[in-house]
Amino acid sequence: MRWSKAFIPTLRDDPTDAEAVSHKLLVRAAFIRQLMAGVYTLLPLAYRSRRKIRRIIEEEMDAIGGQEFLFPSLHPAEIWRKSGRLEIMGDEMFRLFDRKSGEVVLGMTHEEIFTTIATELTSYKQLPQIWYQIHSKFRDEPRPKSGLLRVREFTMKDSYTFDIDQEGLDRAFDAHYAAYKRIFERIGLDAIPVEASSGAMGGSGSVEFMVGSSAGEDLVAHCPNCDYAANVERADTRVPAAVDEQGLEHPEKFATPGVRTIDDLASFDGGAAGDRQIKTLVYVLDGETALVLLRGDHALQEQKLQDETGAIEFRPAHPEEIKALLGADAGSLGAVDVSDVTIIADTALRGRTNMTTGANENDFHLRGVNVERDIQVGSWASLREVKAGEPCIACGEPIDVFGAIECGHIFKLGTKYSESLGAMVLDQNGKSRPIYMGSYGIGLERNLAAVVETHHDEKGIAWPVAVAPYEVVVTVLKLDEETLGAADGVYEQLQSAGIETIIDDRKERPGVKFNDAELIGVPYRITIGPRGLADGVVEVNTRGTGDTETMSLADVVAAVVERVEAAR
RNA sequence: CGGGCUGUAGCGCAGCUUGGUAGCGCACCUGCUUUGGGAGCAGGGGGUCGCCAGUUCAAAUCUGGCCAGCCCGACCA
């Protein structure tokens with residue numbers, strides 16, 4: 001490609017509405033333009049990089065026996081109703097009506113649609129199958145943000161596996177796990193697999209592939225010692241065993257005027273430290289009110305509560321609801337002697353005695369509470385959000401917690417969809433059985449953005465060769481016959497060697513060309529100018545390291561070809 | 001959905017308080033000079049001032065409504 005003919009509208013300034021580094025750089029470096037909230041146009045440079053990511057994914061999927069499909073984006077709402085997910089997806093699903101007033105939705109994932117075709121599988125002899133597609137997904141996110149990291153229309157590689165039993169599903173899952181590791185490695189992402197919540201997908205096993213970045217929206221708990229890693233939506237740590245005094249025979253009410261928070265009570269004369277308090281939260285789960293109990297200094301991880309209860313509609317109770325239920329306002333709540341309400345308690349409260357909690361009367365608390373004696377706990381579960389520095393659940397060493405981008409997610413679905421949509425096969429005994437399914441996703445544009453988040457400097461993007469829009473830029477410093485002729489020669493040779501090359505033949509000053517090349521992040525730059533040419537030499541600059549070396553014009557093509565091929 | 005903010009040329013912004021023919025920088029076009037890290041001079045092109053209504057002799061500016069976008073939170077495969 002000749003830069004003078006290419007559409008590469010780089011910008012000198014950061015767009016004001018961008019926060020994330022990848023967002024700023026992808027806009028400035030002429031990869032993307034926003035069309036509306038959460039919807040972006042991919043300009044030619046981004047399209048080229050995305051095509052390479054796509055190719056890598058296809059190669060690795062094909063390598064584990066995947067067969068590529070193309071399913072529609074328009075789905076009849078009926079299929080989603082049948083699986084029960086029309087309700088579950090709620091407003092996140094784009095819905096429209098066709099001219100016959102038929103209800104239609106835009107696909108946000110494709111379990112239902114793949115399963116519909118999978119009903120044509122009839123015998124265990126046809127299994128296992130690995131099916132995939134690389135296609136648009138639509139999700140009406142309440143709040144799109146951070147450029148390509150969280151959008152409403154995007155491309156996903158989604159694959160689905162079909163097996164006769166759990167063992168087959170385990171094998172399919174493991175094959176994907178291995179393929180995903182190879183994919184992210186080839187893309188240039190240091191993605192770590194973490195235990196995750198299955199959320200609205202249902203199913204059992206769930207692993208997310210996470211790339212550490214402050215722009216990421218997830219938090220990962222990771223143990224540097226034993227490599228335990230989990231999304232905080234699921235992570236656990238060890239809680240040091242508490243040594244409580246036996247305390248009182250009965251809880252004792254005492255006045256706490258003005259005390260409304262855990263901290264208030266901790267500093268109140270006659271109060272209790274945070275780890276000696278019981279925090280009482282009120283939630284409404286599918287219309288049912290429930291009390292959620294945690295240690296005073298622990299925070300609720302809402303996803304854990306949702307996973308534990310299976311609730312679809314889920315929110316903290318409103319102040320009026322709390323008052324009506326317990327007779328006091330938030331800040332004075334407790335679960336002692338409360339009956340007829342579901343009470344879920346965090347396991348860190350198990351066996352604790354002589355605790356302090358609200359008395360369900362404003363300005364009063366109870367001390368001497370023995371959790372299991374005084375509170376009718378309905379169920380125990382891990383509900384708290386872990387914090388950095390807590391002892392690893394596996395080995396006891398302090399864990400890290402860091403922000404991360406979810407670049408891939410793999411699930412074991414089991415028979416949820418095959419049962420609801422009737423994907424059955426006959427086994428060896430002629431008995432009809434639901435197919436065991438798995439579901440596996442990778443967001444292409446999000447991966448593109450994740451590469452930028454992890455491969456940039458103050459000058460711009462520094463693409464890994466494998467996903468760079470061009471592998472080499474030939475920067476022509478002067479457009480006279482001799483210089484341009486030499487540069488064209490190098491360009492032609494690189495092209496014939498199969499190297500993706502762009503020649504910067506624009507009538508611009510050298511500084512502009514250098515800056516643009518560094519901004520868009522081409523891994524290798526060959527600089528050709530009259531000064532070097534007089535000595536028969538050119539310069540080769542490596543974007544990732546910033547190193548510049550001088551080479552003879554005669555040798556440069558072979559040397560660069562070798563490097564590019566080694567780095568692909 | 002709650003809170004905060006913003007819509008004026010391709011990009012970044014001023015003008016709005018106090019109504020009176022729409023400006024600046026970059027980018028773009030022409031010419032000359034320049035040419036190894038975002039050049040200089042001269043000339044030039046480009047705007048339904050987010051949309052609709054209202055007030056007024058007159059609205060980018062005042063009033064009302066609507067729309068869009070961003071940030072924080074809620075939410076979220």
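Side chains included, hydrogens not; waters and symmetry mates left out as well; all remaining heavy atoms used.
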- Task: For B:U63 and B:U55, measure between their P atoms and round to the nearest Å.
- Result: 16 Å
- Task: Report the base-pairing partner of B:U61 (Watson-Crick or G-U wobble, both distances below 3.5 angstrom), or none.
- Result: none
- Task: Sort out the partner of B:U6 for me: Watson-Crick or G-U wobble, both distances under 3.5 Å, none otherwise.
- Result: B:A68
- A:Val21 versus A:His456: any side-chain heavy-atom pair under 4.5 Å? yes
- Could you check whether A:Arg28 gets within reach of a base, just the sugar-phosphate, or nothing at all, counting any heavy atom under 4.0 Å? base
- Task: Send over the distance from A:Arg506 CZ to B:G38 P, rounded to a whole Å.
- Result: 14 Å
- Task: Indicate yes or no: at least one non-hydrogen side-chain atom of A:Gln301 is less than 4.5 angstrom from one of A:Val232.
- Result: yes
- Is the NZ or CZ atom of A:Arg139 positioned over A:Phe154's six-membered ring, under 6.0 angstrom from the centre and within 45° of the axis? no
- Complementary nucleotide of B:A22, counting Watson-Crick and G-U pairs under 3.5 Å: none
- Message: Return the pairing partner of B:U35 with a 3.5 Å limit on both distances, Watson-Crick or G-U wobble; otherwise return none.
- Response: none
- Message: At 4.0 Å (heavy atoms only), tell me whether A:Arg139 reaches a base, stays on the sugar-phosphate, or touches nothing.
- Response: base
- Looking only at atom P, what distance separates B:C72 and B:C66, rounded to whole Å? 26 Å
- Note on the structure: Between CD of A:Glu302 and C1' of B:A74 the distance, given in whole Å, is 9 Å
- Query: Rounding to the closest angstrom, what is the interatomic distance between B:U21 and B:U17 at atom C1'?
  - Reply: 22 Å
- Task: Quote, to the nearest angstrom, the C1' distance that separates B:C76 from B:C1.
- Result: 14 Å
- Does A:Ser418 use its side chain to pair, donor to acceptor, with the backbone of A:Ile435 at less than 3.5 Å? yes
- If pairing requires Watson-Crick or G-U wobble contacts with both distances under 3.5 Å, which nucleotide is the partner of B:G73? B:C1
- Item | Nearest-Å distance once atom P is located in both B:G20 and B:G3 | 34 Å
- Query: Going through the distances and angles, do A:Tyr417 and A:Arg85 end up as a side-chain hydrogen bond (donor to acceptor under 3.5 Å, both in side chains)?
  - Reply: CA-CA 10 Å; A:Tyr417 297 94; A:Arg85 289 211 294 180; 2.9 Å; yes
- Message: Under 4.0 Å, counting only non-hydrogen atoms across every strand here, what does A:Glu233 touch: a base, just sugar-phosphate, or nothing?
- Response: nothing
- Taking for each residue the nucleotide of RNA chain B with the nearest heavy atom, is it A:Lys513 or A:Glu141 whose nucleotide lies nearer the 5' end? A:Lys513
- Task: May I have the distance from A:Asp504 (atom CG) to B:G38 (atom C1'), rounded to whole angstrom?
- Result: 13 Å
- Task: Indicate the ring-plane relationship of A:His110 and A:His75, choosing parallel, tilted or perpendicular according to the 30° and 60° boundaries.
- Result: perpendicular
- Passes side-chain hydrogen bond (donor to acceptor under 3.5 Å, both in side chains), A:Thr155 versus A:His135? Steps please. CA-CA 5 Å; A:Thr155 316; A:His135 196 214; over 6 Å; no
- Distance between the P atoms of B:G44 and B:A68, in whole angstroms? 42 Å
- Message: Is the ring pair A:Trp131/A:Phe114 parallel, tilted or perpendicular, if the boundaries are 30 and 60 degrees?
- Response: tilted
- Item | Atom-pair distance (CE on A:Met156; C1' on B:A77), nearest Å | 7 Å
- Item | Between B:G40 and B:G25 - P atom distance, rounded Å | 12 Å
- Message: Ignoring hydrogens and geometry beyond distance, is a side-chain donor-acceptor pair present between A:Glu539 and A:Thr548 at under 3.5 Å?
- Response: no
- Rounded interatomic separation in angstrom, taking CZ from A:Phe154 and P from B:C76: 16 Å
- In whole angstrom, what separates A:Arg33's CZ from B:G10's P? 13 Å
- Message: Can you measure A:Met93 atom CE to B:C76 atom C1' for me and round it to whole angstrom units?
- Response: 15 Å
- Message: Without decimals, in angstroms, what is the distance between A:Ile442 CD1 and B:A77 C1'?
- Response: 14 Å
- Item | A:Gln133 side chain vs A:Phe71 backbone, donor-acceptor pair below 3.5 Å | yes
- Task: Under a 3.5 Å limit for both distances, which nucleotide forms a Watson-Crick or G-U wobble pair with B:U30, could you say?
- Result: B:A42
- Rounded distance in Å between the C1' positions of B:A60 and B:A9: 14 Å
Please write out the pairs of protein N or O atoms and N or O atoms of nucleotides 27-37 of chain B separated by less than 3.5 Å, giving the distance to one decimal.
{"residue": "B:U34", "atom": "O2", "partner": "A:Arg509", "partner atom": "NH1", "Å": "2.8"}
{"residue": "B:G36", "atom": "O2'", "partner": "A:Arg531", "partner atom": "NH1", "Å": "3.4"}
{"residue": "B:G36", "atom": "N2", "partner": "A:Glu539", "partner atom": "OE1", "Å": "2.4"}
{"residue": "B:G36", "atom": "N2", "partner": "A:Glu539", "partner atom": "OE2", "Å": "2.7"}
{"residue": "B:G37", "atom": "O4'", "partner": "A:Gly511", "partner atom": "N", "Å": "3.4"}
{"residue": "B:G37", "atom": "O6", "partner": "A:Arg525", "partner atom": "NH2", "Å": "3.3"}
{"residue": "B:G37", "atom": "N1", "partner": "A:Glu518", "partner atom": "OE1", "Å": "3.2"}
{"residue": "B:G37", "atom": "N1", "partner": "A:Glu518", "partner atom": "OE2", "Å": "2.9"}
{"residue": "B:G37", "atom": "N2", "partner": "A:Asn515", "partner atom": "OD1", "Å": "2.9"}
{"residue": "B:G37", "atom": "N2", "partner": "A:Glu518", "partner atom": "OE1", "Å": "2.3"}

Where do N or O atoms of nucleotides 68-73 of chain B meet protein N or O atoms at under 3.5 Å, pair by pair?
{"residue": "B:G69", "atom": "OP1", "partner": "A:Ala37", "partner atom": "N", "Å": "2.8"}
{"residue": "B:G69", "atom": "O3'", "partner": "A:Gln34", "partner atom": "NE2", "Å": "3.4"}
{"residue": "B:C70", "atom": "OP1", "partner": "A:Gln34", "partner atom": "NE2", "Å": "3.0"}
{"residue": "B:C70", "atom": "O3'", "partner": "A:Asp17", "partner atom": "O", "Å": "3.3"}
{"residue": "B:C72", "atom": "OP2", "partner": "A:Arg143", "partner atom": "NH2", "Å": "2.1"}
{"residue": "B:G73", "atom": "N7", "partner": "A:Arg143", "partner atom": "NH1", "Å": "3.4"}

- Message: Over 60° means perpendicular and under 30° means parallel, so tell me whether A:Tyr440 and A:Phe173 are parallel, tilted or perpendicular.
- Response: tilted
